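Worksheet for the structure shown next.
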Amino acid sequence: MDHASSCGHDATHGRRRFLAAASALALAPLLASDRSSAAAVREFYLTLRPARVRLAPEPYPVTPAWAYNGTVPGPEIRVRQGERVRVAVENLLAEETTVHWHGVRTPNAMDGVPHLTQAPIAARGGRFVYEFDVPDAGTFWYHPHQRSHEQVGRGLYGAFIVEERDPIAVDRDVTWVLDDWRLTAEARIREDFGDFMDVRHGGRIGNTVTVNGRVPHAFPVRSGERIRLRLINAANARIFGLESPGHRALVVTLDGQPVEPHEPEGGRVVLGPGMRADLALDLAGQPGERFAIHDTFYRRHAYRLIEVAYAKSEPLRPERLGAPVRLPDNPLSEPDLKLAGRRTLTFEGGIMGMMRGGMMGGGMIAGRMGRGLAWSVNGVSESGHAPKPAFVLERGKSYILALANGTAWHHPIHLHGHAFRVISRNGQPTRRREWLDTVLLAPDERAEIAFVADNPGDWMIHCHILEHAAGGMMAVLRVA
Ligand code: C2O
Ligand code: CU
C-alpha cells in the first residue's frame with residue numbers, strides 16, 4: 001500500500017469513529033438539561049487537515065495548505081440569531097489546535113483559547129465539541145487560537161454568519177473573506193512563519209491577495225442590483241483600504257454590529273486583521289460596464305483587487321431602491337459612562353519603538369528580544385496563553401478602557417467575549433460611537449472603549465496582527 005492510500009484509509013476510519021463519537025456526544029447535552037424551549041440545535045462538523053487548494057490561477061500549481069473540510073475558506077457556517085450551534089471539531093493536523101469564534105459572545109468555556117479556556121485539541125485525531133447560543137446577528141468568523149500566526153496563515157479560517165430574524169431586503173447576500181499570502185513563484189506558502197523581522201515590523205505581509213481563497217478576477221453583477229457584501233479580513237497582518245469610485249456603498253454593520261447606514265469615511269472601507277464590515281452596495285452602473293475596486297491602504301503599494309463586471313442584460317429594476325433600512329441593534333448592554341470604572345492599556349514596542357528609545361528599559365529589551373518578544377501591554381510581554389489577568393473587572397459593571405498606542409505601527413486590538421463602543425479617539429468623541437470587537441489604532445493613536453463586563457471568565461485582549469500577538473502583544477481581562 002502506498003503512502004497516500006494508507007493515509008486515506010486511516011482518515012476514513014478516523015472519520016467513521018469520529019461520527020459515531022460525535023453523535024453520542026450530541027445526545028448528551030439534550031439529555032442532561034431540560035431545555036424546555038428545545039430550540040433547534042444546528043450541527044456542523046469541521047475537520048482540520050492538510051489540503052491542496054487552488055489559490056492562484058493556472059498555470060500556477062495548486063498550493064499545499066491547511067484547511068477546514070478541505071477548502072479555503074472553510075465552510076461558511078450560517079445560522080439564525082438566537083439559535084444554538086454545535087460544532088464538532090476533529091483535528092487531523094500534526095499539531096494541537098483550538099477554534100475561536102471571533103466576535104461571537106460565547107460562554108468563556110467555548111471561546112477556544114488554549115490553556116486559558118480549554119485544553120488544546122490534540123494532534124492526529126483530537127476532538128472537541130463546541131456548543132453555544134448565538135445572541136447577536138452579524139458577520140463573524142472562526143479560526144484557530146493555537147499558534148494562530150501559522151495556522152491561520154496556512155488557510156484555517158471561515159465565515160460565521162448569523163442572520164437577523166428580519167434581514168434587510170437585498171437581491172444577494174455575498175461574503176468575501178479576504179486573505180493575504182506569502183507565496184513562492186511555484187505558489188507554495190513560504191515557510192518563514194514567525195520571522196522576527198515580521199514580528200518587529202508590520203507582521204507577515206504577503207504578496208498574493210485572495211477573495212474566498214482565490215486570486216480574484218471579475219465579480220459579475222447586474223445593473224440595478226442591491227448586494228449585501230460582507231467583508232471579513234482574515235489576513236495575518238495586511239490592512240485593507242477598499243475604494244470603488246463609481247459605486248454607492250453604505251456601511252450597515254461594523255464587526256457584525258449594526259450602525260446608522262453611512263458612506264465609508266474618506267470613501268474607503270478600512271479593515272484591519274480580524275475586522276468586518278457589511279456594505280449595502282447599489283449597482284448603479286450600466287449593463288456591460290466594468291469598475292475596479294482598489295486596495296489603497298498602503299498608498300505606495302495600491303493595487304487593483306477585483307473588477308466589478310456588469311452583465312449585458314437589462315437592469316434588474318427600472319429605478320434604484322431607496323435607502324437601506326437600519327438593522328435592529330443586537331441585545332448588548334449599554335455601558336453607564338458616569339459610573340464606569342476606568343483602566344488603561346498601553347501598547348509599546350516594535351522596531352521604531354526601540355529606535356525612539358526610552359519606551360522599554362534597555363536590559364528588558366535584550367531579554368525580551370532573546371525570547372522572540374518585541375511588544376508589550378502595560379510593560380508586560382506575554383508569551384503564553386494563560387497569563388495572569390492584567391485587570392479583574394467586576395461582573396455587571398461598566399468600564400472605560402483607555403487604549404494607548406505608543407508605537408509607530410497600526411494595531412487592530414481585539415477583545416474576546418464582549419462588544420464595546422468606541423467613544424473617543426485622541427480625546428475627541430466619535431461620531432457614531434460604533435460597537436466593535438476589534439478597534440484599529442493608528443500609530444500613536446489613543447481610543448477609549450466602553451462596555452459592560454457582563455460575560456464572566458478570562459478573556460484575551462490582543463493585537464490581531466498575529467505576529468504582534470505572538471510577539472507579546474496580548475493580555476487577559478478577568479470578569480468575575
Ligand atoms: Cu480573532 Cu483572539 O482572535
Ligand atoms: Cu499589532
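The shown structure was predicted, so the numbers you read here are calculated from the model rather than taken from an experiment. Sequential numbering from 1 along the given sequence is applied to the chain's residues. Both counts, for ligands and for their atoms, begin at 1 and track the order of listing.
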In this structure, CG of L279 is separated from CZ of R230 (nearest 0.5 Å) by 11.0 Å

Counting distance only, does the side-chain N/O of N455 pair as donor-acceptor with the main-chain N or O of T106 below 3.5 Å?
->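 Flag set: sc N455 to bb T106 pair under 3.5 Å.
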
Would you mind naming the N, O or S atom of H468 nearest to the Cu ion (ligand 2)?
->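 Answer by atom name: ND1.
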
Looking at H411, pick out the N, O or S atom nearest to the Cu ion (ligand 2) and give its name.
->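 The H411 atom nearest to the Cu ion (ligand 2), restricting to N, O or S, is ND1.
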
Strictly under 2.8 Å, is any N, O or S atom of H143 next to atom 1 (Cu) of ligand 1?
->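 Yes, H143 qualifies, because one of its backbone or side-chain N, O or S atoms lies under 2.8 Å.
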
[X] and [Y]: aromatic ring centres closer than 6.0 Å?
X: W435; Y: F451; answer: no
X: H411; Y: W375; answer: yes
X: H143; Y: W141; answer: yes

Which N, O or S atom name in H462 marks its closest approach to atom 2 (Cu) of ligand 1?
-> NE2

To atom 2 (Cu) of ligand 1, the closest N, O or S atom belonging to H145 is NE2

Indicate yes or no: at least one non-hydrogen side-chain atom of L477 is less than 4.5 angstrom from one of H418.
->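 Sidechains of H418 and L477: no contact.
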
From H416, does some N, O or S atom reach closer than 2.8 Å to atom 2 (Cu) of ligand 1?
-> yes

Opening angle between ND1 in H102 and NE2 in H464, taken at atom 1 (Cu) of ligand 1, to 10 degrees |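 Reported to 10°, the angle equals 100°.
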
